[in-house]
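Values reported hereafter were calculated over all heavy atoms of this structure, with side chains retained and with hydrogens, waters and symmetry mates removed. Every chain is numbered from 1, with letters handed out A, B, ... down the list of sequences.
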Protein chains: 2
Amino acid sequence: MPRAGLSSDAVIERAAQLLEEHPDDDLTLAELAQSLGVRTPSLYKHIDGLPGLRRGIMLRAKRDLAAALAQATIGCARHDAVRALAAAYRAWARANPAQYPATIRAPEPDDAADQAASAAALDVIFTVLAGYDLTGDDAIDATRFLRAVIHGFVSLETAGAYKLPTDLETSYAKAVDAMVTALDTWRRP
Amino acid sequence: MPRAGLSSDAVIERAAQLLEEHPDDDLTLAELAQSLGVRTPSLYKHIDGLPGLRRGIMLRAKRDLAAALAQATIGCARHDAVRALAAAYRAWARANPAQYPATIRAPEPDDAADQAASAAALDVIFTVLAGYDLTGDDAIDATRFLRAVIHGFVSLETAGAYKLPTDLETSYAKAVDAMVTALDTWRRP
DNA sequence: CCCAATGGCTAATGGCAATAGCTAGACGAT
DNA sequence: ATCGTCTAGCTATTGCCATTAGCCATTGGG
């Protein structure tokens with residue numbers, strides 16, 4: 001019985017890889033175990049069953065996305081920051097299309113780690129929008145709009161809903177432009 | 001052996017109901033059969049296994065959504081049509097949150113019925129945007145933007161991502177306003 | 001009234017997640 | 001070096017689910 005030298009992180013990372021490699025068929029513990037050169041029950045020494053594995057993948061994804069967003073917006077403000085955020089968000093989703101849907105799932109109310117990971121990503125957005133002098137409900141509405149545009153585009157793109165041959169880069173650039181313009185004149189009525 | 005009087009449509013409709021009733025645990029043929037007062041294998045006389053059931057639910061959802069959108073935009077033009085479309089889209093998603101994700105899945109290339117159902121919904125959007133005199137890539141970019149804003153907001157809302165107490169109706173209204181304004185001046189650079 | 005079509009059933013198979021309990025290897029303390 | 005403990009693997013087992021094969025009763029058209 002040679003030891004495989006697994007760990008919780010190693011198992012989760014491998015699972016995320018498998019998820020990206022064939023996104024169609026849902027991830028199975030049996031497949032994951034085989035891919036790690038181990039029998040299925042052995043995985044339970046590192047993860048808490050299938051739900052625990054899914055949670056691990058989700059947490060990993062949320063943290064990674066939040067870090068990418070934070071990284072991308074360092075030293076930028078206003079329009080530049082919004083564009084950098086939008087670009088980094090889309091780049092992450094395109095690089096991890098199978099994990100992306102997990103990143104928008106609302107955290108469970110009693111899961112502190114999940115709450116923290118979700119909040120980290122939201123904080124980046126709030127910080128970016130802080131340059132627009134929006135307060136109260138205006139800031140919240142603007143945040144919701146920004147998330148809607150970016151998530152909406154990226155989600156439809158990675159789901160394969162944009163099938164026409166027209167260039168996606170240009171379409172996204174125009175969408176981001178429209179969003180930036182809207183944010184500029186957000187306070188009004 | 002009294003007959004249960006099932007049909008393909010009845011089975012699919014019941015499955016959609018169950019899906020909405022408890023969206024968490026994924027739909028099982030065993031549960032569906034029990035809910036219909038029938039043994040599991042009997043379902044195979046009406047649907048083509050679990051994949052066939054899922055496809056049936058998806059088709060039903062896409063057609064229903066497309067019909068709702070078409071219905072809502074009758075007799076409207078430009079801003080009014082866009083607002084009506086946005087309102088109807090969100091209303092449908094809120095009424096059928098568990099089925100909504102199925103409606104954005106890209107159709108399989110060889111599934112004619114799926115292609116048709118998806119195209120029906122897209123046609124409504126194209127028709128609504130026809131009032132804006134957009135042509136070529138401009139029209140496609142605008143369509144993508146419109147879908148991104150509406151789907152993005154609705155998707156995040158039904159996923160529970162908008163947790164703050166601020167009124168969602170107002171937030172959506174502002175987002176739709178911003179989108180309408182952007183569409184007004186879509187052609188430019 | 002008959003008979004073909006069909007919608008229900010039971011039985012059986014195989015895959016998967018999950019649990020219980022065993023065992024060997026790693027590692028620290030003496 | 002040796003012992004003892006801890007733990008990461010394992011096998012065996014259970015139970016649920018989807019799926020298929022094959023049987024039988026009901027239905028409805030000639």
Glu169(B)/Lys174(B) under salt bridge (charged side-chain N to carboxylate O under 4.0 Å, His left out): CA gap, chis, key distance, verdict = CA-CA 9 Å; Glu169(B) 317 296 326; Lys174(B) 284 195 193 174; over 6 Å; no
request  = Starting from the C-alpha separation in whole Å, work towards a yes-or-no answer on ring-ring contact (aromatic ring centres under 6.0 Å, His included) for Phe145(A) and Phe153(B).
outcome  = CA-CA 7 Å; Phe145(A) 177 66; Phe153(B) 193 100; 9.2 Å; no
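Put simply, Thr28(B) has a side-chain N or O that comes within less than 4.0 Å of OP1 or OP2 on dA18(D). At dT7(D), none of the side-chain N or O atoms of His46(A) fall inside 4.0 Å of OP1 or OP2 (strictly under the cut-off). OP1 and OP2 of dG8(C) both lie 4.0 Å or more from every side-chain N or O belonging to Arg39(B). Contact annotation: Thr40(B) side-chain N/O to dA18(D) OP1/OP2 distance is not under 4.0 Å.
In this structure, Leu36(B) places its CG atom 15 Å from P of dG7(C), rounding to the nearest Å. Between Arg54(B) atom CZ and dC17(D) atom C1' there is a gap of 12 Å when expressed in whole angstrom units. Atom-to-atom, CG of Leu27(A) to C1' of dC16(C) comes out at 12 Å; the value is rounded to the nearest Å. The separation between Lys45(B) atom NZ and dT27(D) atom P is 16 Å, rounded to whole Å. The separation between Leu53(A) atom CG and dA18(C) atom C1' is 14 Å, rounded to whole Å. Between the CG atom of Leu50(A) and the P atom of dC16(D) there is a distance of 18 Å, rounded to whole Å. Computed from coordinates, the Leu32(B) CG to dT19(D) P distance equals 12 Å when rounded to whole Å. Taking atom CG of Leu43(B) as the reference point, atom C1' of dT19(D) lies 12 Å away to the nearest angstrom.
When each of dC16(C), dA18(C), dC10(D) is scored by its nearest atom to the side-chain atoms of Ser42(A), the top-ranked nucleotide is dC10(D). Distances were taken from every side-chain heavy atom of Val38(A) (C-beta onward) to each of dC10(D), dG8(C), dA17(C); the shortest belongs to dC10(D). Between dG9(D), dA18(D), dA18(C), one nucleotide has an atom nearer to the side chain of Tyr44(A) than all others, and that is dA18(C). Here the side chain of Pro41(A) is nearest to one of dG9(D), dT19(C), dA21(D), namely dT19(C).
In summary, Asp114(B) and Lys62(B) engage in a salt bridge, as defined by a charged side-chain N under 4.0 Å from a carboxylate O.
Residue Gln115(B) qualifies as enclosed at atom CD: its count of foreign heavy atoms under 6.0 Å is above 12.
Atoms OG and CG, from Ser42(A) and Leu6(A) in turn, are 8.0 Å apart once rounded to the nearest 0.5 Å.
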